[in-house]
Amino acid sequence: MEVRLVEPRVENPVVSISLPTDERLREACNGIDPGGFHIRHPPAPHLLSSFITPDDQLFQTIHMGAAVVDTSKWLLLIDGLVKRPFTLTLPQLLRLPQTTITAFHECYGSPIKPPTDAVWRIGNVQWTGVRLSHLLNMASPLPEARYVWSEGLDKGTFHGITSDCYQKDLPLEKALRPEVLVAFELNGQPLSKERGGPVRLVVPGWFGTNMTKWLCRLSLQDWRASGPYTTIFYNELDPTDRAGKRKRPVWSVETNSMIVRPSPEAVLRGPDLTIEGWAWSEEPVTQVLLGTDHKASWVEAEVMPREDFSWQKWRIGLTLSPGDYTLMSRAKSASGVQQPLSGRRNHVHSLKIKVVEDVPGGS
Ligand SMILES: Nc1nc2c(c(=O)[nH]1)N[C@H]1C(S)=C(S)[C@@H](COP(=O)(O)O)O[C@H]1N2
Ligand SMILES: [Mo]
């Protein structure tokens with residue numbers, strides 16, 4: 001009797017599909033306009049009072065210039081260590097199940113300077129798109145896949161380094177989380193050119209740098225991406241390394257908070273005041289303390305629960321006698337990580353106010 005040891009050959013129709021070349025993917029880019037580095041700063045914290053930040057108040061960060069994309073030629077390629085590589089046109093992507101998520105959006109700040117100053121490039125928005133996990137499952141990652149590399153259609157020079165695309169990576173573990181989207185809308189509107197339209201990556205809880213705009217390719221790999229935006233830029237000294245040598249990628253957002261009301265240098269009628277603001281981190285924020293330079297102790301504010309990955313409102317009533325005060329807010333996240341007092345990009349926010357006597361009968 002003959003024993004068959006070799007399994008019959010199963011035809012895999014996908015093997016025969018021809019994947020687009022890099023050149024073909026990049027035909028969707030009609031040029032870079034305007035070229036070069038561009039930052040649009042957000043308004044000061046006391047003007048960021050609405051829970052959802054409108055697009056025209058949301059910062060923008062572009063390293064090499066904005067890609068002008070021809071949506072009729074646009075393709076998203078999913079390839080690398082997957083069983084079934086494929087491409088999607090924009091109409092095909094728009095037909096997949098959609099998710100809307102509220103998330104804070106924060107830029108890490110300059111990847112060239114040490115992160116010692118508090119930078120305020122932050123907002124809170126709603127993104128709509130298809131879960132990245134849905135696309136990855138369609139492609140069926142191979143067991144050795146560990147990272148998802150993402151590529152944008154933009155190219156050019158930033159800080160003397162020329163690249164033929166903006167390239168980032170995400171560990172597969174984060175990429176498969178339900179909050180990570182391949183997004184095509186911001187606050188219910190199609191993404192503008194500056195926002196990375198027609199399609200960008202959105203990685204709630206992680207710094208904006210990871211959210212590749214003008215997305216054209218997602219590639220599964222077993223090693224970290226080697227382009228300048230994951231090696232030269234956006235690697236920082238790990239503040240938890242006592243030797244001060246180890247580096248870490250700029251990935252998750254650290255605990256942070258800002259005072260929105262009152263505004264800096266405000267003159268307020270006492271003694272009863274309301275102080276409020278926002279707090280955020282990759283994990284939910286569980287505590288915000290408010291300090292003044294007049295008291296040694298910090299008092300605990302009320303912190304609202306978060307919606308998806310949104311920033312969280314906090315509020316506290318204080319009774320202050322007339323005088324000059326420095327107010328400070330300090331947030332702590334669910335696992336107990338507290339904002340540092342100074343010297344880091346996420347150190348406590350402080351501002352000065354003056355409290356004056358309440359005039360009886362005055363308004
Ligand atoms: N392709 C591409 N994606 C990019 C960038 C870029 O220059 N090119 N900038 C990144 C950085 S550093 C940030 S903070 C966010 C900013 O997104 P926004 O401009 O929509 O606020 O986009 C990220 N995605
Ligand atoms: Mo950024």
Side-chain angles (χ1 to χ4, degrees), residues 25-26 28-29 31-43 48 52-69 74 76 103-113 115 117 119-129 149-159 161-170 180-187 189-218 225 227-230 232-236 249-254 256 345-346:
L25 283 182
R26 282 165 200 290
C29 180
I32 306 293
D33 183 33
F37 183 57
H38 160 78
I39 285 197
R40 192 177 79 185
H41 290 279
L48 282 174
I52 296 293
T53 310
D55 196 344
D56 63 2
Q57 286 199 352
L58 188 67
F59 71 88
Q60 291 171 348
T61 306
I62 295 172
H63 294 82
M64 302 179 281
V68 183
V69 179
W74 181 85
L76 178 62
F104 66 80
H105 179 45
E106 185 176 22
C107 176
Y108 173 79
S110 168
I112 296 147
K113 298 184 199 139
D117 297 327
V119 279
W120 298 115
R121 268 180 242 153
I122 176 78
N124 187 63
V125 294
Q126 263 176 347
W127 302 102
T128 300
W149 297 10
S150 58
E151 282 180 21
L153 287 167
D154 49 334
K155 59 177 177 186
T157 303
F158 171 71
H159 207 255
I161 308 246
T162 301
S163 320
D164 50 20
C165 75
Y166 186 82
Q167 180 197 51
K168 299 295 292 187
D169 61 15
L170 297 176
V180 180
L181 301 183
V182 169
F184 35 77
E185 281 180 17
L186 172 87
N187 295 344
Q189 296 298 317
L191 297 178
S192 65
K193 180 185 69 173
E194 289 73 17
R195 288 275 162 233
V199 175
R200 74 181 293 170
L201 199 57
V202 166
V203 190
W206 283 23
F207 281 108
T209 173
N210 300 294
M211 307 197 200
T212 302
K213 310 205 253 192
W214 313 291
L215 186 67
C216 64
R217 186 174 182 190
L218 295 162
Y229 294 92
T230 52
I232 303 169
F233 309 123
Y234 301 106
N235 271 314
E236 62 167 15
V250 170
W251 280 343
S252 50
V253 168
E254 298 161 290
N256 212 337
R345 56 173 309 295
N346 63 323

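Sequential numbering from 1 along the given sequence is applied to the chain's residues. Whatever order the structure lists them in is the order used to number ligands and atoms, beginning at 1.
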How does [X] reach ligand 1, by side chain, by backbone, by both or by neither, if only non-hydrogen atoms under 4.0 Å count?
{"X": "R200", "result": "side chain"}
{"X": "F59", "result": "both"}
{"X": "K213", "result": "both"}
{"X": "R121", "result": "neither"}

What are the atoms of ligand 1, with element, lying closer than 4.0 Å to any heavy atom of [X]?
{"X": "R195", "answer": "18 (P), 19 (O), 20 (O), 21 (O)"}
{"X": "Q60", "answer": "19 (O), 21 (O)"}
{"X": "I62", "answer": "7 (O)"}
{"X": "H105", "answer": "16 (C), 17 (O), 18 (P), 20 (O), 21 (O)"}
{"X": "C107", "answer": "14 (S)"}
{"X": "Y234", "answer": "12 (S)"}

| query | Can you tell me the protein heavy atom closest to atom 11 (C) of ligand 1 and the distance? | reply |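 The closest one turns out to be T209 CA, 3.6 Å.
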
When you measure from [atom] to each heavy atom in [options], which option holds the nearest one?
{"atom": "atom 15 (C) of ligand 1", "options": "G65, G208, S192", "value": "G208"}
{"atom": "atom 8 (N) of ligand 1", "options": "D55, I39, D154, T61", "value": "D154"}
{"atom": "atom 5 (C) of ligand 1", "options": "F207, W214, Y166", "value": "Y166"}

| request: Using distance alone, determine whether G152 and ligand 1 share an N or O pair under 3.5 Å. | output: no

| request: Measure the distances from the heavy atoms of K168 to every atom of ligand 1 and state whether one is below 4.0 angstrom. | output: no

